[in-house]
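Report on the structure given below.
For the single chain, residues carry numbers from 1 onward in sequence order. Worth knowing before you read on, the calculation uses all heavy atoms, side chains too, and leaves out hydrogens, waters and symmetry mates. Predicted model, so just to flag it, every value in this text is computed and none were measured.
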Amino acid sequence: MADAPVNKITPANIPVAARMKRPDIKSPVVLGENWLFLVITMNKQIKRRRGGPRTFNRDEAIDIAMHLFWRHGYEGVSLNDLTTAIGIAPPSLYAAFGSKAGLYREALDHYSGIPGALFNLEGASTLEDTVSAILRQGADAVTDPAGERGCMVSSGMLQCAEEYAALARVLSEGRDMMRETIAQALGRWLNSDRARSLARFLVVVLQGMSVQARDGATREELEDVVQDALLVSLTARKTGTK
């Protein structure tokens with residue numbers, strides 16, 4: 001009985017990838033079992049998942065971080081808290097924001113866009129209306145169920161470790177800016193010194209309401225504070241008016 005014919009593979013029917021791997025194959029040869037497997041394997045397309053950082057919505061990430069920082073404070077939020085809530089790995093967070101502090105700064109910028117005590121003050125027509133708007137809008141903001149209790153700026157990083165001093169200064173400058181903005185609004189009816197003095201008083205009231213709200217005071221309870229503080233405007237009209 002004659003032996004079965006041996007199948008031969010020539011360069012013409014060897015896949016290009018295989019010929020690139022074996023440039024020495026220049027003439028018809030008999031490939032063994034292992035080489036035949038190599039040729040077949042190399043003729044397949046192997047797809048692999050590309051690596052890389054997980055994608056996420058940057059604006060949503062900042063909003064989530066803002067609420068965490070607002071609720072727990074900077075030092076009360078860990079990197080793990082942030083990555084878990086946002087749904088990303090630490091390398092992705094660092095790539096997007098540079099650091100936890102960088103994310104905190106962007107969260108503060110985002111917070112500044114939320115209507116609060118200083119919203120639309122130019123619409124007030126009298127001193128009393130201005131003071132009322134500042135206090136009532138402030139009370140609304142710190143008890144708004146859509147947000148977190150208290151004010152992220154008024155109550156933010158009042159005490160912190162020395163390593164976070166630079167961030168604490170950002171919050172301090174924010175409170176200074178709040179006072180200056182109020183003084184400018186009051187300056188329509190009061191001289192500069194009286195406007196600054198009343199502005200400082202109102203910031204003290206706003207910060208106090210922020211703390212009270214954090215401790216559970218209701219909007220109705222803060223209205224009593226608003227009513228008492230409004231009496232200041234009557235005194236201010238008598239002393240220091242233009």
Side-chain angles (χ1 to χ4, degrees), residues 53-119 121 134-135 137-185 196 199-217 222:
R54 180 177 177 178
T55 59
F56 65 98
N57 186 301
R58 183 184 179 87
D59 292 337
E60 288 182 3
I62 293 172
D63 186 68
I64 291 170
M66 179 195 72
H67 280 275
L68 285 175
F69 288 132
W70 188 355
R71 187 184 313 147
H72 302 293
Y74 180 78
E75 293 181 82
V77 178
S78 68
L79 182 64
N80 184 63
D81 293 332
L82 291 167
T83 55
T84 299
I86 297 171
I88 58 175
S92 295
L93 186 146
Y94 284 117
F97 305 105
S99 64
K100 174 186 168 183
L103 177 54
Y104 183 72
R105 290 174 186 271
E106 294 206 35
L108 282 175
D109 289 341
H110 182 46
Y111 178 81
S112 68
I114 298 176
L118 310 185
F119 179 68
L121 294 183
I134 291 169
L135 294 173
Q137 289 179 166
D140 290 342
V142 297
T143 57
D144 186 354
E148 305 294 337
R149 285 276 172 164
C151 173
M152 188 174 176
V153 175
S154 293
S155 306
M157 300 190 76
L158 297 175
Q159 293 178 315
C160 66
E162 181 61 30
E163 61 187 297
Y164 305 128
L167 281 180
R169 282 194 296 273
V170 173
L171 273 298
S172 178
E173 291 168 359
R175 291 186 284 269
D176 289 343
M177 186 179 300
M178 181 190 305
R179 187 175 65 251
E180 289 299 318
T181 301
I182 293 175
Q184 289 177 15
R196 288 179 179 276
R200 187 176 294 278
F201 171 77
L202 293 177
V203 169
V204 169
V205 176
L206 291 173
Q207 287 182 289
M209 288 198 296
S210 174
V211 174
Q212 288 291 301
R214 294 278 298 182
D215 289 342
L222 292 184

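Closest of all the heavy-atom pairs between Cys151 and Val142 is N-CG1, 3.9 Å. A pairwise comparison of heavy atoms in Leu202 and Ile134 identifies CD1-CD1, 4.2 Å as the closest pair. The heavy-atom pair separating Cys160 from Ala168 by the smallest distance is SG-CB, 3.6 Å. Across Ala185 and Leu121, no two heavy atoms sit closer than the pair CB-CD1, 3.9 Å. Summarising the geometry of Gly138 relative to Met209, their closest heavy-atom pair is C-CE, 4.4 Å, with the distance given to 0.1 Å.
Residues Lys100 and Tyr74 have side chains in contact (heavy-atom distance under 4.5 Å, counting atoms from C-beta outward). Looking at heavy atoms from C-beta onward, Met178 lies out of side-chain contact with Thr181 at the 4.5 angstrom threshold. Looking at heavy atoms from C-beta onward, Tyr104 lies out of side-chain contact with Ser99 at the 4.5 angstrom threshold.
Rounding to the nearest 0.5 Å gives a distance of 7.0 Å between CD of Gln207 and CG of Leu158. Rounded to the nearest 0.5 angstrom, Leu82 CG and Leu93 CG are separated by 6.0 Å. The NE2 atom of His110 sits 11.0 Å away from the CG atom of Leu103 when rounded to the nearest 0.5 Å. To the nearest 0.5 Å, the span separating CG on Asp176 from CG on Leu171 amounts to 11.0 Å. The CE atom of Met152 sits 11.5 Å away from the CZ atom of Arg71 when rounded to the nearest 0.5 Å. The line from CG of Leu118 to CD of Gln137 is 8.0 Å long, rounded to the nearest 0.5 Å.
Test Asp81, Ile64, Ile62 against Ile86 for side chain to side chain contact (heavy atoms under 4.5 Å, CB included) and you get one pass: Ile64.
Arg175 places a side-chain N or O within donor-acceptor distance of the main-chain N or O of Gly156, the cut-off being under 3.5 Å. Judged by distance alone, with hydrogens and angles left aside, the side-chain atoms of Ser210 form no donor-acceptor pair with the main-chain N or O of Leu206 at under 3.5 Å. In terms of modelled atom types and a separation under 3.5 Å, the side chain of Thr83 and the main chain of Asn80 share a donor-acceptor contact. In terms of modelled atom types and a separation under 3.5 Å, the side chain of Arg149 and the main chain of Ala217 share a donor-acceptor contact. At distances below 3.5 Å, not a single donor-acceptor pair connects side-chain atoms of Glu106 with backbone N or O atoms of Phe97. In this structure, the side chain of Arg58 engages the main chain of Ala96 through a donor-acceptor pair within 3.5 Å.
By the 6.0 Å contact criterion, CD on Gln159 is open, its count of non-hydrogen atoms from other residues, nucleotides or ligands being 12 or less.
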